[in-house]
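Since the structure comes first, as structure tokens, the remarks are kept for the end.
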Amino acid sequence: MSKFEKKIIIIKPDDWHVHLRDKKILNKVIKYTGQFYKRAVIMPNLKDPITSCFKSIAYRKQILKAMNVNYKFEPLMTCYLTSSTTPKELEFGFFKKIFIAAKLYPHCSTTNSQQGVKAISDINCVLECMEKIGMPLLIHGEEINQNIDIYDRESEFIKNTLEPLRNKFPQLKIVLEHITTKESVEYIKKHDCNYLSGTITPHHLMLNRNDMFSSGIQPYLYCLPILKKNKHQKALRKAIASGDNHFFLGSDTAPHLHKNKIGSFGCAGIFNAPSSFLSYVTIFEEMKALKYLQAFCSENGPKFYNMPINKETITLVKKPYKVLKQINFGKNKIIPFLSGKTLNWSLQK
Ligand code: NCD
Ligand code: ZN
């Protein structure tokens, strides 16, 4: 990375965790991801989840059609694991490059996870196959059980599910997605980054659970895994500021219509695509760690996935950037993370 006084040039980043939804929402949100990122790992948790090669091909087509032709954007598709997923489907999808990875949602852990996996032993043969072929497993790492406090779901998942899973399949490549705790940082750091890595979102780096309850409840800051205590936020910030190559960019941008965010059963998810990349830049600057920005945004991810690092670069300039206020959908709208706020860095066009 070459850094001048008020300019940064880095390799074009990728976003390794993105929810684009489909149809009308997809059409309106996709350009924000395409503006900043070359590639994005597309989460499969549509209402009708992407559980097969056939569905994935159709969804990818829909994404490319929705994308503005100005952006050379590459969607990297994932398969939603259910108790009926077959090793054959995954192996075929992986070798034909239809899927880059498969996603494990514990049953009823988050948005559209009703078809998720109830017991990890239900997918043993699938995991065995993935380990053999080198297909990454992406995990929503929360233990779902009414007796577990929502703030402890991630650390309980590591203890009760991830550790036994790793012992059983030591060569399985795993990404623990959107990590939120000190325990996760420590756990990941202990292992070989080719087999275990973690993505970190801008909102978990910028906020902690106090923000969710400041001046009243803030439905727009409700996401899963839920924001944690400040000590965990600090641990995440320290992890990226140390330049550790176990961690890479995964924004978890997750648009929901306003009416569904503020309803009596508010949806979890933060739509951060318009500001995610510039938020990361701000955080690295605050941590005096800009020298590690490029590794986190553009290098550690492709290395984990055994993919080439992008050839293009992007230029950032220290110039105020006003985050989009809202996207309108007839009478409804989607309000992005940091709506209307100003960040210090912009993309040079
Ligand atoms: C995501 C969504 O809305 O699809 N929500 C969220 O709070 N992060 C799903 C997920 O990644 O958990
Ligand atoms: Zn997500």
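This chain uses plain numbering: 1 for the first residue, then up along the sequence. Whatever order the structure lists ligands and atoms in, that order sets their numbers, starting from 1.
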Less than 4.0 Å between a side-chain N and a carboxylate O, is that true for [Y] and [X]?
| X | Y | value |
| --- | --- | --- |
| Glu177 | Lys103 | no |
| Asp22 | Lys47 | no |
| Lys190 | Glu186 | no |

- Given Phe247, Tyr292, Phe296, Phe36, the one that forms ring pair (Phe, Tyr, Trp, His ring centres under 6.0 Å) with Tyr280: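 Going through Phe247, Tyr292, Phe296, Phe36 one by one, the ring pair (Phe, Tyr, Trp, His ring centres under 6.0 Å) with Tyr280 is satisfied by Phe296 alone.
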- Message: Can you tell me how the ring of Phe248 sits relative to the ring of Trp16, calling it parallel under 30°, perpendicular over 60° and tilted otherwise?
- Response: perpendicular
- Thr181, Asp152, Thr180 screened by side chain to side chain donor-acceptor pair (under 3.5 Å) with Lys228, the one that passes: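 When Thr181, Asp152, Thr180 are each tested with Lys228, the side chain to side chain donor-acceptor pair (under 3.5 Å) holds only for Thr180.
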- N, O or S atoms of the protein lying under 2.8 Å from the Zn ion (ligand 2): His17 NE2, His19 NE2, Asp252 OD1
- Can a donor-acceptor pair be found between the side chains of Asp14 and Asn310 at a distance below 3.5 Å? yes
- Task: Determine whether the side chains of His258 and Tyr220 contain a donor N or O and an acceptor N or O closer than 3.5 Å.
- Result: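 On atom types as modelled, these side chains qualify, holding a pair under 3.5 Å.
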- Message: Tell me if the aromatic rings of Phe271 and Phe337 count as close, with their centers under 6.0 Å from one another.
- Response: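 Ring centroids of Phe271 and Phe337 are no less than 6.0 Å from each other.
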- Who's touching ligand 1 if we go heavy atoms under 4.0 Å?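 Residue list for ligand 1: His17, His19, Arg21, Asn45, Thr110, Thr111, His140, His178, Cys223, Leu224, Asp252, Ala254, His256, Ala268, Gly269.
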